Structures are given as structure tokens and as C-alpha cells.
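Keep in mind that what you see is a predicted model, and the values were worked out from it rather than measured.
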Amino acid sequence: MAYRRHLLLVTSLFALSIFACNAFNQITSKTPSPSPSPSLPTLTPTALPSIPVSPGESHPNEPVFIAGDIPYTSPFFVNTMSEPFVLLEDQAGFVHRDEEFEFLLSSQVIGPVEIHEDKTLTYSLALPAIPQGTQVDVDNDGERDAGVQIFAIAYWSNTWDGPFLEGRDGRGWSNAYVSTITDPEQDNEIIGGILIVWAPDDQQGFPTDFGPDGKLFTQDDPTAPIPAGYNLVDLNHKPFRVYKEARPRITLNEGEISVNDFSKMSYTKAFESLFEKVSREYPFTREKHIDWDGLHKKYAARIARISNDKDFYRTLRDFTWEIPDAHVGLSVNGDVFFEESGGSFGMNLAELSDGRVIVTRIFPNTPADRQGLQIGAEIITWDDKPVQQAIAEVTPFFGPFSTQHHKRQEQVVFLTRVPPGTRLNIQYRNPGEQVKQATLRAEVEYASLFAAIPDLSKDELVIPIEGEVLDESGLGYLRINTFSADYSLMARLWEHFMKRLVEDEIPGLIIDLRANSGGSGKIAFDFAGYFFEEELPLYFSLYYNDRSGKFEREDHPVRIEPAPITYTGPIAVLVSPYCISACEGFAYALTQQERALIVGHFPTAGAFGEVGRGQYTLPGEISMQFPTGRPETPDGQLLIEGEGVALDITVPVTEDSALGREDTVLQAAIEALLEEIR
């Protein structure tokens with residue numbers, strides 16, 4: 001059936017939209033850590049050929065080549081890969097607990113990552129005869145020795161500059177897709193997995209256990225000599241197992257961003273497992289007034305009575321609707337969507353700032369078209385109710401929402417979406433005519449839905465960043481369509497535009513984010529760095545810690561770091577309620593030091609909780625996400641969540657703007673920038 005084909009597309013596109021700000025914010029992020037231990041002096045990286053290697057025959061099993069699998073559970077991992085490779089990752093950053101540690105170009109040994117037809121990933125890495133990493137003395141003997149080089153195998157995706165890593169690509173040590181295992185509740189301490197250790201001779205020592213404090217590379221670690229050359233150290237054994245194997249296979253660990261898989265459980269067990277974790281880790285319980293006990297009592301009773309996937313889905317859907325947070329996401333069940341919202345009347349509506357609701361688009365040969373409604377018609381009553389009341393009573397299928405202004409936008413969209421076959425009465429007035437009445441019968445129709453919601457109407461062939469110089473004003477105009485496309489492509493496009501802006505002395509810049517549903521916060525803040533000449537802290541992330549039973553702030557803030565190029569002209573940023581998550585972070589970053597004006601009909605979506613650790617799969621092929629990270633300003637104020645990025649210039653919604661006769665938001669930004677330039 002035709003509606004099935006449409007619905008499959010709706011389902012797949014909406015799945016991408018609700019999980020737009022996904023786990024890939026976490027792939028290369030490093031949890032801030034304490035200052036280096038005084039017992040472990042920092043050593044300057046040194047070219048190693050000058051260090052003598054003990055004479056003698058090489059070990060017959062000396063490691064020369066490492067290969068393995070890269071398992072992943074996130075459906076977005078492969079889609080957002082950009083120039084992927086594995087790195088023989090220098091662990092000096094972890095040894096000294098230095099999250100700012102940058103991987104020296106001379107030390108970077110990389111290997112290919114292969115994506116197979118079945119979407120599985122494998123890697124391979126040839127080891128150099130003598131690696132060029134950082135020597136660290138970790139034998140705790142009180143003497144300054146030559147030390148060893150310590151590595152992990154880590155997946156990386158190149159974004160900036162050449163094929164190797166630079167500071168903006170990432171620093172510190174990996175906590176995801178890596179041969180080690182880290183603990184996010186202990187500042188990403190390495191607690192297991194496999195290290196690769198290279199010793200210049202057989203006189204160097206290495207820990208044999210974590211020691212009484214349970215931490216690696218601290219003063220209480222017991223140590224023992226380690227053989228010369230390459231050694232594999234399995235930290236999962238007690239004592240550590242040190243061995244040599246010429247061509248070992250090492251499977252990388254997905255780490256803290258792996259999906260919580262409850263899909264093989266019963267409905268009741270899956271819900272209880274989900275609820276227990278979510279109710280503990282959800283970061284906005286106080287602000288959103290969530291009564292977890294009441295919700296459990298209400299929905300556990302419903303879950304206990306269900307016997308099929310569709311009812312399980314509906315129950316979970318209703319549960320998510322109780323939590324006003326646009327980052328609480330649930331994949332779409334096509335059958336349920338069809339039954340509840342598959343019908344429509346073939347028109348789009350808009351609510352104007354003066355309170356009127358008008359028709360903005362009519363689709364040919366649909367109920368609205370056959371009844372004679374025209375573009376610009378005012379809707380007066382809907383289903384025998386005043387239209388404003390009818391809108392307020394709508395529960396949009398694609399909820400929940402963090403702000404009322406975002407919810408209201410989709411209430412208008414879903415006013416026209418009903419079960420197929422639904423009949424209702426309306427009163428309307430076409431332009432220049434008297435009030436008329438009509439009875440409409442809903443038909444299966446999706447074109448109006450795609451036209452109404454930006455995430456569902458994006459052209460897949462449009463590049464992620466588009467730019468031009470506006471003819472009349474001479475201002476630059478950049479539209480960032482997403483922060484979740486190919487990161488390397490985005491970085492090169494962005495740097496190209498920044499160079500042109502600076503070299504051509506473009507006097508002012510408009511950045512359009514109105515249809516940007518987010519993605520990587522990392523690349524969003526990298527982009528922001530092109531507008532500042534000094535480093536600026538933005539916010540701290542807090543996560544629930546099972547050990548302490550409370551939310552704990554990470555030691556270092558998310559920040560803007562200046563880029564190699566700086567554009568200093570005035571900026572206006574165009575936003576809407578469909579600017580979500582990383583998009584909001586970028587817009588907020590540009591409000592620092594009053595760097596940009598924020599312009600729009602409405603603020604951003606107000607959904608800024610980090611979701612990388614909050615992914616779930618449940619019975620019935622259901623995917624869910626809940627935020628786990630809480631953003632706070634340096635003075636402890638909740639950031640963006642529930643409010644959105646505030647507007648400096650609020651532009652009324654008029655007939656001209658709603659009908660597309662004039663982009664009044666863009667025009668307001670042009671006028672404001674020209675006034676500032678003058």
C-alpha cells in the first residue's frame with residue numbers, strides 16, 4: 001500500500017531527528033581529570049632511536065601486527081564516520097591524568113578501518129620497529145629510569161586539517177572504541193582491557209596490579225620487570241598478564257556510550273530496568289517536577305496488563321509524554337502512527353502573532369482542496385471548537401517538548417493529523433470572502449506532514465553548510481543545516497567559508513540555524529571558535545554517580561577555543577524551535593561577549609541535556625533515549641534546558657512570513673547588522 005511506503009520514510013526520518021544529538025558527542029571526548037600525580041614526573045616526548053635496545057635475539061612472538069573488530073550498538077556510528085582509522089594511542093595523557101595531552105604527530109601510527117557489506121567493522125595496525133611515543137617511568141623505584149612507552153588501540157575519526165590528529169580532533173585518552181576499559185564514574189580511570197607496552201630494554205618495570213587504591217599508574221602499584229620490545233598487558237587478570245603474540249586480535253570496547261540493551265527481556269522486566277536507570281540518572285527531575293514514584297505506579301500497572309508490542313509501544317509513548325523534554329525520544333511504530341495520525345486533510349496551518357490561524361499550503365486533490373479552502377484562509381472553528389482551544393487540546397505524536405513554544409508549533413502541525421476516516425466540521429474564511437462551513441473527511445496523506453516539519457523535509461542532496469553573499473546588503477549568509485553530517489566535510493566547508501569571509505572583508509555575517517536539529521556538540525563549539533580571540537568557558541557537565549549517589553560536576557568546563565582564523569565582523573544568528581541541542585549550544589556560544597544577535601519568531605527548543613550515555617533498546621524493536629548529562633554555567637545555573645536560547649530580536653509571525661512572501665526573520669537580521677555596521 002502507498003501509505004506504507006510513506007510511513008516507512010516518516011519512521012526512518014523521525015528516528016534520525018529524535019536521536020539527532022546522539023552518542024557521537026562522546027566518541028572522542030575525554031573526561032576531565034585531576035592534576036598529574038607528583039609521584040609521576042612529566043617527561044618530554046623524545047625521538048627514541050637514540051635509546052639503546054638490549055642486544056640479543058628478538059622474541060619469536062614479538063608483536064608486529066594487531067587486528068580486530070570494532071563492535072558498536074549505535075545505529076548512527078557508521079553513518080557519521082569521517083576518515084576513520086585506528087591509532088596506536090599514546091597513553092601518557094592517562095598516566096599523568098592530563099586531559100589536555102596532545103598526540104604528537106611523530107608518535108601517530110595509524111591503521112585502516114574497514115566497513116564491510118554487513119556493516120561490521122574491522123581494523124588492522126602494523127607496529128613500527130621502534131615507536132615514537134612518550135617515555136614514562138612507572139616502576140615506582142624512586143629512580144629516574146628510561147621508562148616505557150604505553151599505548152592503547154583506539155578508533156578515531158579525523159575532522160580537522162590533515163589525515164593525522166591535531167588538538168581540535170581530540171586529546172587526553174579514549175574512553176570509547178578502545179582496547180582499554182574506562183570507568184566514567186572515576187574520571188575515566190582505566191580499569192581493564194589491554195595495553196601495548198614497549199620497553200627499550202629488559203631493565204624497565206611495569207605495574208603488576210592496580211594496587212590498594214585500585215588505580216593504575218599510582219605510587220602504590222606493585223611493579224616487576226617487563227621484557228624488552230613490545231608487550232601485551234591484559235589488565236583483566238590479577239596479577240596483570242604480560243605476554244607476546246606476533247599477530248594478536250584485540251576487540252575494541254564501545255565503552256560508556258554503548259546502548260543499554262533490554263530487548264530480550266519481558267515487557268515488565270524491560271520497563272523496570274529502564275525505569276530504575278532513568279529515574280536515577282535523569283538530570284532535570286527538580287526543574288521539571290517529575291514525580292517518579294507516581295509515574296511508576298501508573299505505568300507499571302499498565303505494563304503488567306499488556307500482551308503485544310503495539311500496546312507496549314503505546315504505554316512507553318504515553319510515559320515519555322509525561323516528561324517535558326524534547327531529548328526524551330522514542331522510535332516510531334508505523335502501525336500506531338498510521339492508526340492515530342495517518343489521516344489528514346491536505347493542508348498546512350500557521351498561527352500568527354495576532355492570534356489568527358491561517359492556511360499556508362493546500363495540496364492538490366485532498367479534502368481541503370476539494371472543499372474550496374484557499375491559501376491564506378483563516379480557520380475560525382475546528383471540530384466545533386474555537387481553533388485556539390482546539391490547538392491547545394492537541395497532543396503531538398512527535399513529543400514530548402522542553403518548552404511551550406516548541407510544543408505549540410507542533411500542536412498546530414498535528415491539529416490536522418487524525419485517524420484516517422475522521423470527520424469534523426470547520427468554519428473558515430477565504431481571503432475576501434464570508435465565513436463558510438465545511439465537513440472534512442481525513443484521508444491517508446503525508447505530504448503535508450513532510451512540508452510542516454523541517455527534519456522531515458530536508459533534501460538529502462543538500463550539503464551540510466551553504467553560503468553566499470547577499471546581493472543588496474553585501475552581508476555574508478551561511479546556513480548550517482546540521483551538526484551531524486560527515487564531520488571532515490563540515491570542517492572543510494566551514495574553514496573555506498571562514499577564509500572567504502576574512503579575505504574578502506565581508507562586513508557582517510548571518511548564520512541561519514532555523515532547521516538545524518543538532519548533532520555533535522564538539523564540532524559546534526569548534527565552529528564557534530572562529531569568532532573569538534580568547535578561550536572562554538561555557539558550561540560544566542554533571543552526571544549521576546552511582547558511587548556517591550549524586551550528580552557530580554566534571555572538573556573542566558566545555559569551552560570555546562580560538563581557531564586558526566578569526567572573523568571579527570558583527571553576527572546575527574537566526575533560530576527557531578527546530579534548533580535543538582548542539583544547535584542551541586552553538587547559538588548560545590555566540591552570545592558570549594555579546595558576539596552575536598539572536599533573531600527569530602521564537603527561541604530555540606530548550607533541549608540541551610547530553611544523551612550519549614542514555615540510549616536504550618527494548619522489546620518490539622523499540623529504541624529510546626533519555627538525557628543523562630546536566631549542563632550548568634560556571635556559577636551553577638542550569639543552561640538552556642527548558643527555556644531555549646533567548647532572542648535579542650523577536651520578529652512577529654505575520655501573514656507575509658507565514659505564507660512565504662517575505663523572510664521577515666532574515667530581513668530583521670539584515671537591518672540590525674547594517675545598522676550596527678553604519
Original post:
Knowing that exactly one of E166, E99, E561 qualifies, which makes a salt bridge (charged side-chain N to carboxylate O under 4.0 Å, His left out) with R171?
Top reply: E561
Original post:
Who pairs with E322 by side chain to side chain donor-acceptor pair (under 3.5 Å), at least two apart in sequence or on another chain?
Top reply: K298, Y299
**OP:** Evaluate whether atom CG of D471 has more than 12 neighbouring non-hydrogen atoms of other residues, nucleotides or ligands under 6.0 angstrom away.
**Re:** no
Original post:
With side chains defined as the heavy atoms from C-beta onward, is the minimum distance between L415 and E351 less than 4.5 Å?
Top reply: no
Subject >> Stepwise ring-ring contact (aromatic ring centres under 6.0 Å, His included) check, H327 with F608 >> reply: CA-CA 8 Å; H327 263 163; F608 202 56; 8.0 Å; no
Original post:
Considering residues, nucleotides and ligands other than E594, do more than 12 of their heavy atoms fall under 6.0 Å from its CD?
Top reply: no
Original post:
Is there a donor in the side chain of T633 and an acceptor in the side chain of D635, or the other way round, less than 3.5 Å apart?
Top reply: yes
Original post:
Looking at F337 versus F398, is the centre-to-centre ring distance below 6.0 Å?
Top reply: yes
Original post:
Do F586 and I511 have side-chain heavy atoms sitting under 4.5 Å apart?
Top reply: yes
Original post:
Do the numbers put R417 on top of the ring of F397, so that NZ or CZ is under 6.0 Å from the six-membered ring centre and no more than 45° off the axis?
Top reply: no
**OP:** Would you check if the side chain of D512 reaches a backbone N or O of Y477 as a donor-acceptor pair within less than 3.5 Å?
**Re:** no
Subject >> Contact check, side chains of S657 and H601, non-hydrogen atoms, under 4.5 Å >> reply: yes
Original post:
Will you find, in the side chains of E83 and S488, an N or O donor that is under 3.5 Å from an N or O acceptor?
Top reply: yes
Original post:
Do K288 and S402 have side-chain heavy atoms sitting under 4.5 Å apart?
Top reply: yes
Original post:
Are a donor atom and an acceptor atom from the side chains of Y578 and D455 found within less than 3.5 Å of each other?
Top reply: no
Original post:
Just wondering, do V259 and E254 contact through their side chains at under 4.5 Å, heavy atoms?
Top reply: no
